2 protein chains.
Amino acid sequence: MQSQNLINVITDALPNLNKSETKVAQVILSDPDAATQSSIATLAKKAHVSEPSVNRFCKRFNATGFPDFKLRLAKSLASGIRFVNRNVDPDDDVASYTPKIIDSTINTLALVRDKISHTRVNQVVDKLIQAKRIYFFGLGASGSVARDAENKFFRFNLPVSSHDDVLMQRMLASTGGTGDVFFVISHTGRTKEVVEVAEIARRNGSTVIGLTVVDSPLAEMCTVTLDVDVPENTDEYMPMASRIVHLVILDVLATGVTLRRGPDFLPHLEKIKNSLKPTRYKNDN
Amino acid sequence: MQSQNLINVITDALPNLNKSETKVAQVILSDPDAATQSSIATLAKKAHVSEPSVNRFCKRFNATGFPDFKLRLAKSLASGIRFVNRNVDPDDDVASYTPKIIDSTINTLALVRDKISHTRVNQVVDKLIQAKRIYFFGLGASGSVARDAENKFFRFNLPVSSHDDVLMQRMLASTGGTGDVFFVISHTGRTKEVVEVAEIARRNGSTVIGLTVVDSPLAEMCTVTLDVDVPENTDEYMPMASRIVHLVILDVLATGVTLRRGPDFLPHLEKIKNSLKPTRYKNDN
DNA sequence: TCTTAAATGTAGTAAAATTACGTAAATTAT
DNA sequence: ATAATTTACGTAATTTTACTACATTTAAGA
């Protein structure tokens with residue numbers, strides 16, 4: 001993997017290096033932080049090798065040159081990198097598992113940020129803008145995602161509802177038609193009931209949007225799919241990141257819709273916000 | 001603070017910079033990763049300023065010079081996290097607002113990771129382990145967080161329920177007692193109804209756990225509070241990050257409980273996982 | 001409007017990194 | 001063992017990059 005820690009890479013490569021490269025490696029490993037702040041000349045001196053040797057050393061590790069190498073070394077040294085991609089151990093204490101779980105969520109989000117299709121997002125926003133009515137469907141953990149989505153989207157002055165009852169979902173899907181958008185959320189994309197509901201809705205001419213996994217049965221059934229390629233967690237201790245990802249994607253969609261509505265729509269949002277003020281103790285925003 | 005992220009520092013300083021420095025800042029913030037790989041000349045060209053201006057800019061941020069500045073920038077960029085705290089503009093397109101929203105969520109999570117009190121997390125896990133029964137309470141957006149929590153915690157073979165009905169919450173709070181844990185989730189910590197419910201539960205001898213804001217009326221009412229110091233979003237376009245944070249904290253708590261239960265408990269979790277297999281199309285995990 | 005200070009740019013200089021090339025060491029084949 | 005060939009390493013020149021000193025412009029204050 002590209003994001004593998006440079007220091008580990010160097011340590012691993014140590015036995016395969018030749019004389020002068022080993023000298024350079026040792027100097028860097030003995031004080032990587034100092035290395036990031038030295039010039040090629042001082043480093044060469046410290047390692048008792050020539051400058052080009054240091055340069056060649058850098059290129060061996062896929063850097064374009066010495067400055068690039070230092071940059072990558074600096075990134076490896078950054079504090080934020082700590083727990084990246086590490087799983088929770090059965091004997092971890094709070095101070096260990098807390099950042100691990102949060103970091104793992106952060107990494108997943110970063111992945112989604114870089115991979116999500118903007119075209120698709122746009123298409124979905126299009127559909128949501130055109131909708132006369134929106135239904136959010138989800139079962140299990142996706143049920144609360146659907147509910148959260150309802151809480152976000154009712155603000156757009158549209159009939160919106162969320163459902164986690166399979167029978168209810170079937171009935172609604174079969175009564176829907178043009179102008180109705182069924183927004184189906186599924187962590188696996190393979191739950192039979194969910195796929196069937198999507199099929200029913202589709203057959204009746206409704207728009208079906210899927211927030212689910214690439215190439216899943218559900219994805220194939222939808223008008224547009226926002227397929228998220230979140231790595232499946234095999235670890236028992238690790239929580240499901242897809243819920244979080246789905247929520248954030250719904251945030252993105254809601255923002256997309258708000259922007260399309262234009263600035264004239266903002267007072268309406270403000271009104272909703274203010275409606276809650278009397279329910280709160282003072283010193284509020 | 002020294003470990004403060006350079007990008008945040010630049011963003012904060014933005015209003016105090018003079019013309020050419022602002023130009024430089026904008027170019028760097030718009031693509032920090034590119035900045036770390038450019039020479040002072042190319043950066044100066046991009047920002048339409050002279051090279052010494054870039055150099056002065058770097059020195060203003062306590063760097064010894066341009067290379068040192070790039071190094072520090074690189075560290076801030078480590079682990080794929082862009083800490084940029086840019087807001088969504090009314091005329092942003094998908095490609096702009098999508099990463100902005102995800103980055104903002106990531107940024108908030110990173111903040112929580114560094115600030116959350118491990119002692120408190122431990123205390124809450126203690127209480128949850130000892131609980132005979134757990135009620136998750138939340139209104140509005142926190143309602144779906146509560147529901148998600150229920151979906152996670154029922155796996156521990158405990159009577160668990162979630163409620164978003166104020167009357168129901170009051171009744172349950174007043175009938176509770178020792179061994180009952182009321183887990184109250186609130187974005188603001190100032191919703192009167194919620195604070196009252198917490199008070200009722202507390203009076204009846206139940207344990208009240210708050211997932212809410214520091215120094216809020218709710219926080220003061222609780223046996224233990226996990227107070228999250230998530231920056232309030234004033235921007236209309238920006239989604240509420242606290243929901244996500246709350247969900248992730250609940251992930252952390254659930255993991256804490258799982259670990260305390262020990263390895264003997266894993267087969268039980270496995271059983272629940274397997275129970276869903278028949279509901280899915282094949283080729284599943 | 002003049003004075004002064006701050007901001008920015010120009011041009012020259014120094015430093016750093018890279019390349020081309022040559023020599024030395026090591027490896028292989030004879 | 002020694003010649004041939006490859007690989008490793010260094011020297012020196014070149015190029016790129018960063019920095020400094022100073023000049024010019026712009027803005028602010030009197």
Side-chain angles (χ1 to χ4, degrees), chain A residues 6 9-77, chain B residues 6 9-77:
Chain A
L6 224 199
V9 174
I10 296 174
T11 311
D12 290 348
L14 215 43
N16 307 322
L17 299 177
N18 39 32
K19 240 183 284 176
S20 61
E21 284 175 333
T22 308
K23 286 187 208 162
V24 175
Q26 281 168 347
V27 171
I28 291 172
L29 291 176
S30 73
D31 193 349
D33 201 66
T36 61
Q37 291 176 324
S38 356
S39 70
I40 195 166
T42 53
L43 196 70
K45 213 168 171 183
K46 260 190 200 168
H48 302 289
V49 297
S50 68
E51 297 184 22
S53 287
V54 177
N55 193 267
R56 280 188 285 260
F57 175 88
C58 297
K59 287 185 174 168
R60 174 154 296 212
F61 291 97
N62 299 319
T64 64
F66 183 69
D68 183 48
F69 179 88
K70 283 200 292 187
L71 233 50
R72 304 228 260 127
L73 194 62
K75 283 184 186 174
S76 299
L77 254 45
Chain B
L6 223 200
V9 173
I10 297 175
T11 312
D12 290 347
L14 214 44
N16 306 323
L17 299 178
N18 40 34
K19 238 185 288 176
S20 59
E21 284 175 332
T22 308
K23 286 187 207 163
V24 176
Q26 281 168 347
V27 171
I28 291 172
L29 291 176
S30 74
D31 193 348
D33 201 64
T36 61
Q37 290 175 326
S38 357
S39 69
I40 196 168
T42 52
L43 197 71
K45 210 169 174 184
K46 261 191 197 165
H48 302 287
V49 298
S50 66
E51 296 184 22
S53 286
V54 176
N55 193 268
R56 281 188 283 260
F57 175 89
C58 297
K59 287 185 175 169
R60 174 179 271 257
F61 291 97
N62 299 319
T64 63
F66 184 69
D68 182 48
F69 179 86
K70 283 202 291 186
L71 231 51
R72 309 222 328 231
L73 194 61
K75 284 185 186 171
S76 300
L77 255 45

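Both backbone and side-chain heavy atoms feed into the values below; hydrogens, waters and symmetry mates do not. Predicted, not measured: the structure shown is a model, and the values here were computed from it.
- Panel note: side chain B/Arg60, backbone B/Glu21; no donor-acceptor pair is recorded below 3.5 Å.
- In this structure, the separation between CD1 on B/Ile28 and NZ on B/Lys46 is 10.5 Å, given to the nearest 0.5 Å.
- For B/Ser53, the listed nucleotide lying nearest its side chain is C/dG9; candidates were C/dG9, C/dA20, C/dA17.
- At D/dC9, one or more side-chain N or O atoms of A/Ser20 fall inside 4.0 Å of OP1 or OP2 (strictly under the cut-off).
- Across D/dC9, D/dA18, C/dT10, the shortest atom-to-atom separation from the side chain of B/Ser50 is found for C/dT10.
- Distances were taken from every side-chain heavy atom of A/Ile40 (C-beta onward) to each of C/dA16, C/dT19, D/dC19; the shortest belongs to C/dA16.
- For A/Arg60 and D/dT7, the CZ to P distance is 11 Å, given to the nearest whole Å.
- Within 4.0 Å of B/Lys23, counting heavy atoms only, lies no atom of the nucleic acid at all.
- Put simply, CZ on B/Arg56 is 12 Å from P on D/dA21, counting in whole angstrom units.
- Taking atom CG of A/Leu17 as the reference point, atom P of D/dT7 lies 17 Å away to the nearest angstrom.
- The separation between A/Glu21 atom CD and D/dT7 atom P is 14 Å, rounded to whole Å.
- Proximity of a side-chain donor or acceptor of B/Lys70 to a complementary backbone N or O of B/Ser38 within less than 3.5 Å is detected.
- Look at CG on A/Asp68: it is 17 Å from P on D/dT16, rounded to the nearest Å.
- Taken to the nearest 0.5 Å, the CD atom of A/Glu51 stands 9.0 Å off from the OG1 atom of A/Thr42.
- Nucleotide D/dT17 holds its C1' atom 16 Å from the CD atom of B/Gln37, rounded to whole Å.
- Under the 30°/60° scheme for interplanar angles, the aromatic rings of A/Phe69 and A/Phe57 are found to stand perpendicular.
- Distances were taken from every side-chain heavy atom of B/Asn18 (C-beta onward) to each of C/dA7, D/dA18, D/dT11; the shortest belongs to C/dA7.
- Residue contacts for B/Val54: at a heavy-atom cut-off of 4.0 Å it reaches no nucleic acid atom on any strand shown.
- For the pair A/Phe69 CZ and C/dT18 P, the computed distance is 12 Å after rounding to whole Å.
- As a whole-Å value, the separation of A/Leu71 CG from D/dT17 P is 14 Å.
- In this structure, the nucleotide among D/dC19, C/dT8, D/dT20 sitting nearest to the side chain of B/Glu51 is D/dC19.
- When distances are taken from the side chain of B/Lys19 to each of C/dA17, D/dA27, D/dC19, the shortest belongs to D/dA27.
- When the side-chain nitrogen and oxygen atoms of B/Lys59 are compared with OP1 and OP2 of D/dC19, none of them lie within a distance under 4.0 Å.
- Comparing atom distances between the B/Asn55 side chain and each of D/dT20, D/dC19, D/dT11 picks out D/dC19 as nearest.
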